[in-house]
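Each remark here refers to the structure printed beneath this line.
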Amino acid sequence: MPTLATHADPAPSRSIAEAVNRWFAGAARPLPWRAADVSPWAVLVSEFMLQQTQVARVQPRWEEWMRRWPTPADLAAAPPSEAVRMWDRLGYPRRALWLHRAATEIVERHGGAVPRDLDALLALQGVGPYTARAIAAFAFGERHPVVDTNTRRVIARAVGGVAEAGPPATARDLDAMSSLLPDDAAAARAFNAGAMELGATVCTARSPRCDDCPIATHCAWRAAGYPEYDGPRRARQARFEGSDREARGLVMRELRAAHRPVAPRELADVVAEPGRLARAVDGLVADGLAVRVEGGLALPEA
DNA sequence: AACGCGTGGAT
DNA sequence: TATCCAAGCGT
């Protein structure tokens with residue numbers, strides 16, 4: 001029976017997972033939300049904070065957050081304004097609102113306990129394909145493929161032989177990870193975390209440290225001679241300086257600090273251009289991050 | 001499907 | 001210094 005395989009390895013997927021897990025067993029960073037005794041809620045909070053935000057920035061905020069609101073019910077009992085204030089400058093403050101909403105949903109629908117079921121997780125505000133599977137896998141040990149930007153890059157390189165992953169395609173990305181995932185739930189959990197860790201610390205976007213890579217001998221990109229990427233590039237982020245996005249951040253900073261309604265006049269001091277300020281305020285109100293009240297603009301109290 | 005959404009670390 | 005891009009999500 002002829003085969004296209006030209007190498008001796010009959011199960012490259014299994015080899016990759018085994019090599020990653022061997023490496024991860026010794027290389028895993030001691031992140032606090034990975035401790036054996038943390039609650040599913042603690043894992044959920046970490047995953048919200050880690051959406052598009054690096055570990056180093058999340059860690060201190062996560063510690064404070066868990067001290068103040070150790071359970072979903074604790075957060076649900078606080079006003080959204082306090083969640084947004086505690087979020088401080090972590091970025092994408094909508095996530096603070098989503099986390100508060102998710103806590104309320106957990107209390108109302110699940111008796112205050114983070115659900116284990118994937119569909120129940122996906123139904124929570126702010127929980128998408130990545131976060132739902134991360135919680136199921138890391139908090140509950142369920143066997144699911146967990147795919148984040150790091151994992152996508154590792155698979156693109158090691159399996160696909162290309163330098164970058166290209167635009168996300170959730171179904172295909174999950175399938176690709178599934179084909180590498182060990183059958184054993186504990187090994188699958190470790191591989192999900194290990195692939196992310198490898199992408200975050202070794203197989204990085206900018207300057208990958210291929211000399212230190214535990215799967216270098218399995219890597220299709222390496223075997224191909226590290227060809228440059230020629231596929232579709234992700235659209236460049238718009239310039240931040242002078243953007244509406246920056247204006248939103250400046251307005252939010254005022255609202256967090258004020259503890260009282262902020263008058264339009266005060267906002268004009270931080271965003272001088274009227275059109276830009278108006279777009280920022282309208283957008284924040286539409287997102288529920290700000291409410292128009294007597295005397296100006298404020299954070300949502302409920 | 002492509003876009004908008006904050007902030008700051010890394011190079 | 002400027003640019004890239006980061007444990008994504010909702011629309």
Strand contacts (DNA chain C) in residues 247-264 of chain A, 4.0 angstrom heavy-atom criterion: none
Closest heavy-atom pair and its distance - A:Gly242, A:Arg276: O-NE, 3.1 Å
Interatomic distance, A:Tyr92 OH vs B:dG8 C1' [rounded to whole Å]: 12 Å
Touch class at under 4.0 angstrom, heavy-atom based, for A:Leu31 against every strand present: base
A:Glu82 with A:Arg85: basic N within carboxylate O range, under 4.0 Å: yes
Modelled atom types, side-chain donor and acceptor of A:Arg29 and A:Thr201, under 3.5 Å: no
Heavy-atom closest contact (A:Arg143 atom, A:Pro182 atom, distance): NE-O, 2.7 Å
Integer-rounded Å distance: B:dC5 C1' and A:Leu90 CG: 14 Å
Residues in contact with DNA chain C, drawn from residues 38-63 of chain A - heavy-atom cutoff 4.0 Å: A:Glu47, A:Leu50, A:Gln51, A:Gln52, A:Gln54
Start and end of the DNA chain C segment that chain A contacts, any atom under 4.0 Å from a heavy atom: C:dT3 to C:dG10
Sugar-phosphate, base or nothing in reach of A:Thr151, heavy atoms under 4.0 Å: nothing
Touch class at under 4.0 angstrom, heavy-atom based, for A:Arg153 against every strand present: sugar-phosphate
Touch class at under 4.0 angstrom, heavy-atom based, for A:Pro93 against every strand present: sugar-phosphate
Identify each atom pair where a protein N or O and an N or O of nucleotides 1-4 of chain B are less than 3.5 Å apart, giving names and distance.
residue : atom : partner : partner atom : Å
B:dG4   : N2   : A:Arg94 : NH2          : 3.0

Other ILVMFWY residues reachable from A:Phe240 by side-chain steps of under 4.5 Å: none
Sugar-phosphate, base or nothing in reach of A:Val146, heavy atoms under 4.0 Å: nothing
Spacing of A:His100 atom NE2 and A:Trp69 atom CH2 [to the nearest 0.5 Å]: 8.0 Å
Closest-nucleotide 5' rank along DNA chain C - winner of A:Leu124 and A:Met196: A:Met196
Co-members of A:Leu118 in a cluster of I, L, V, M, F, W and Y side chains, linked at under 4.5 Å: A:Leu122
Sugar-phosphate only, base, or nothing, as touched by A:Ala134 at under 4.0 Å among non-hydrogen atoms: nothing
Sugar-phosphate only, base, or nothing, as touched by A:Glu246 at under 4.0 Å among non-hydrogen atoms: nothing
Salt bridge flag under 4.0 Å for residues A:Asp282 and A:Arg292: yes
